[in-house]
Amino acid sequence: MLKHFERRRLFNVSELKHLAASAVGRSVEDVARFEKLGEGGFNRTFLVTMHDKFQLVVRILYPTTEPKKLVIASEVATMDFLRSNGIPVPKIYNYSATSENPAGTEYLIMELVRGTNLGDIWFDLSEKDRITVVTRLVELESRMFALPFPASGSLYYSKDLDEATRRVNVPTIDLSHDSSFCVGPDTRLSLWYGRRTKLGVDRDPCK
Amino acid sequence: MLAAGANKEIAYLTKFGHPLHPFHRLRREIYDYQKISPSEHLHNLQIYLQAVHHTVPSDDGHLIRPTLRHPDLQPNNVFVSENLDITGLIDWQHSATLPLFLQCGIPNSLQNYGDSISESLTPPELPENFDELNETQQFEQVVLLRRRQLHYFYVAATAKLNTTHYNALTHEFSTLRRKLFDHASSPWEGDNVTLKADLIKLAQNWSDITANDATRPPCPISFSEDEVRDCLRLNAAQVEADEQLQACRDAIGIGPEGWVPVDQYEEVRQRESKLKADALEAAESEEERRMLCEHWIFDDFDEDEYS
């Protein structure tokens with residue numbers, strides 16, 4: 001599929017290397033390699049390898065993804081929220097929801113997931129193995145479906161939303177106080193696709 | 001919440017809407033390769049808005065509880081260990097919590113709707129005469145079996161391990177509610193029929209769907225008999241075109257959304273070329289050949305038109 005690859009986005013690779021290194025408490029001299037991960041016209045995922053073999057991933061957005069700030073902020077909060085509830089999701093080391101940083105792009109710096117990409121072995125799995133994988137995915141879904149939320153919308157860290165943005169605070173599991181998470185504007189693609197980004201329609205969280 | 005997507009699409013079509021060829025290329029022949037105007041869809045969206053609030057399921061609030069799931073659970077977004085334990089789920093962009101009755105469903109990469117074996121939850125098997133089939137037919141049957149198995153395994157595992165989800169999936173009118181919501185909220189792609197067919201089905205089942213509503217709201221949907229007949233006829237034609245596309249994909253070896261394993265890409269491309277050559281040969285006129293080429297199903301499309 002060749003969509004989304006039309007416009008090239010300029011960003012500062014060298015600065016991104018700096019940011020990646022410091023995200024894991026190292027300096028840029030520790031970085032041995034900074035390379036594209038995966039195929040495709042526009043690469044948004046990079047693999048960073050340190051001299052001691054430690055690896056991490058840097059992700060940026062497709063140029064056409066909108067609204068950039070909300071999408072990144074929500075992806076981060078969703079992953080952290082799930083991780084804190086025991087769902088296997090890469091750890092986020094650092095992120096920027098705006099391009100106002102030395103690299104000139106929004107970014108996620110995160111853990112490299114251990115293991116094999118299921119897409120690489122999917123067609124070769126035996127029936128028994130397919131049952132195993134589907135069963136385990138359903139088990140994870142079962143845990144996700146049990147998580148309580150106070151509203152419909154996308155997840156955010158409250159601090160990542162502008163003050164004026166409507167949100168509904170997510171209480172902690174014991175309901176004793178607000179967590180740092182909230183439910184805010186809905187980032188589902190259908191609400192923002194193409195020129196729909198320009199429309200000032202209601203995408204607020206909904207109880 | 002039920003209205004947001006529809007309101008958004010109304011705003012979009014009012015400001016930016018213009019006639020489009022149906023996005024699904026095999027459907028274009030149904031409309032003589034003419035572009036479709038969005039005005040009928042706009043009208044249907046208004047009808048949806050009038051009707052939808054009466055269709056919320058009532059059951060102590062279990063089904064309206066906001067829930068979270070992966071926005072696109074497919075093999076490329078999953079990492080596994082040697083033992084096939086799940087070590088990571090990636091790519092959570094565009095995720096959102098939604099009421100359970102809207103969030104429920106079989107992940108797109110695992111579902112096989114439109115197939116009676118899958119929809120009836122019959123345990124899938126290879127056909128008895130499998131050994132007598134030729135190589136191409138055997139390949140098709142194996143691909144079909146895999147798709148049916150995934151659908152079946154997923155539902156069976158969900159019934160056993162995620163009863164919350166299973167109950168929502170099997171709740172009365174679950175599918176119709178989700179279809180209405182999805183089709184009313186989705187970006188319009190030259191299709192005036194699918195949402196309308198859902199509204200017709202809603203009208204036909206109105207008293208049952210609103211059975212728990214004490215106010216007994218009258219049904220705001222009224223299409224003439226001719227309109228209903230035309231819509232259902234076109235809908236059936238569209239469904240058939242989509243099934244043809246699926247059959248083409250299976251024959252060539254293309255997965256959902258044009259996804260092909262990298263090491264099979266060349267082989268798939270060759271099969272696609274052959275399919276196109278066969279189709280052109282079977283065409284009965286120059287005009288038909290020209291349309292086939294212009295609207296060839298596996299060509300890249302101009303995304304800007306549909307944005």
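What you see is a predicted model, and the numbers here were worked out from it, not measured in a lab. The sequence lines fix the lettering, A, B, ..., with proteins before strands; numbering per chain opens at 1. All values below come from the heavy atoms of this structure, side chains included, with hydrogens, waters and symmetry mates left out.
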Cut-off 4.5 Å, heavy atoms of chain B, and the answer for A/E127 is both
Checked B/R146, B/M1, B/Q149 vs chain A; the most non-hydrogen pairs under 4.5 Å come from B/R146
Next on the checklist: Can you see whether A/R136 engages A/T132 through a side-chain donor-acceptor pair at a distance of less than 3.5 angstrom?
Outcome noted: no
Whatever's closer than 4.5 Å to a heavy atom in chain A on B/I64 counts as neither
Turns out that what part of B/D91 lies under 4.5 Å from chain A's heavy atoms comes down to both
When B/Y12, B/F16, B/F23 are each screened for ring pair (Phe, Tyr, Trp, His ring centres under 6.0 Å) with B/Y306, the one that passes is B/F23
Expected output: side-chain A/R83 to main-chain A/V89 donor-acceptor under 3.5 Å: yes
Between the side chain of A/R196 and the main-chain N/O of A/L191, is any donor-acceptor distance below 3.5 Å? no
Okay, B/E82 and chain A: the region with an atom under 4.5 Å from a heavy atom over there is neither
If one checks every heavy atom of A/T78 against chain B at 4.5 Å, the contacting part turns out to be side chain
Comparing A/L137, A/V183, A/T197 against chain B, the one with the most heavy-atom pairs below 4.5 Å turns out to be A/L137
Cut-off 4.5 Å, heavy atoms of chain A, and the answer for B/Q93 is both
Scanning both residues in full, the closest heavy-atom pair of A/D52 with A/R26 reads OD2-NH1, 2.7 Å
Output for pair (A/I92 CD1, A/E75 CD), nearest 0.5 Å, gives 6.5 Å
Greatest number of non-hydrogen atom pairs under 4.5 angstrom with chain B, of A/P88, A/G194, A/G115, falls to A/P88
Within residues 157-172 of chain A, the residues sitting under 4.5 Å from chain B by heavy atom, in sequence order, are none
(message) Using only atom types and a distance under 3.5 Å, with no angle test, would you say the side chain of B/N77 pairs donor to acceptor with the backbone of B/L89?
(response) no
- Between B/N83 (side chain) and B/D85 (backbone), is there a donor-acceptor pair under 3.5 Å? no
Taking every heavy atom of B/G190 against every heavy atom of B/I36, the minimum-distance pair comes out as O-CG1, 3.5 Å
In terms of heavy-atom pairs under 4.5 Å with chain B, the winner among A/L155, A/D129, A/L125 is A/D129
Whether the side chain of A/W192 engages the backbone of A/D186 through a donor-acceptor N/O pair (distance < 3.5 Å, no angle test) should be reported. yes
Exercise for review: Apply salt bridge (Lys or Arg N to Asp or Glu O under 4.0 Å) to the pair B/R271 and B/E267, showing each step before the final yes or no.
Suggested key: CA-CA 6 Å; B/R271 277 189 224 131; B/E267 222 181 293; 2.6 Å; yes
Shortest non-hydrogen pair, B/H70 vs A/M144, comes out as N-SD, 4.4 Å
The interface call for B/R69 against chain A, heavy-atom contacts under 4.5 Å, is both
So, the part of B/L100 with a heavy atom under 4.5 Å from chain A: the answer is side chain
The interface call for A/L140 against chain B, heavy-atom contacts under 4.5 Å, is side chain
Checking heavy-atom separations under 4.5 Å from chain B, one finds in residues 198-207 of chain A A/K198, A/L199, A/V201, A/D202, A/C206
Answer key: most heavy-atom pairs under 4.5 Å with chain B among A/M110, A/R195, A/M79, A/E111 is A/R195
Exercise for review: Give a yes or no answer on whether the side chain of B/T87 reaches the backbone of B/F79 with a donor-acceptor pair at less than 3.5 Å.
Suggested key: yes
Q) Can you check whether A/N94's main-chain N or O pairs, donor with acceptor, with A/Y107's side chain at less than 3.5 Å? A) no
Polar side chain donor-acceptor pair, B/E9 to B/Y48, under 3.5 angstrom: no
Under 4.5 Å to a heavy atom of chain A? For B/L102 that would be neither
Query raised in the report: Between A/E15 and A/K17, is there a salt bridge with N-O shorter than 4.0 Å?
Result: no
Return yes when atom CD of B/E125 has more than 12 non-hydrogen atoms of other residues, nucleotides or ligands closer than 6.0 Å, and no otherwise.
no
- So, B/W296 and B/E272: side-chain donor and acceptor under 3.5 Å apart, yes or no? yes
When the 4.5 angstrom heavy-atom criterion is applied to B/K160 and chain A, the contacting part is neither
Under 4.5 Å to a heavy atom of chain B? For A/R59 that would be side chain
Greatest number of non-hydrogen atom pairs under 4.5 angstrom with chain B, of A/V134, A/T116, A/V113, A/I72, falls to A/T116
Side-chain touch B/T67/B/T97, heavy atoms, less than 4.5 angstrom:
no
Applying a strict 4.5 Å limit to non-hydrogen atoms, the region of A/I121 in contact with chain B is side chain
Review point. Does A/T105 offer a backbone N or O that forms a donor-acceptor pair with the side chain of A/N101 under 3.5 Å?
Key: yes
If you tally heavy-atom pairs under 4.5 Å between each of B/L150, B/T164, B/D182 and chain A, the highest tally belongs to B/L150
The interface call for A/L82 against chain B, heavy-atom contacts under 4.5 Å, is side chain
Turns out that what part of A/S74 lies under 4.5 Å from chain B's heavy atoms comes down to side chain
In short, B/P57 meets B/H171 closest at the heavy-atom pair CB-NE2, 4.1 Å
Applying a strict 4.5 Å limit to non-hydrogen atoms, the region of B/P71 in contact with chain A is neither
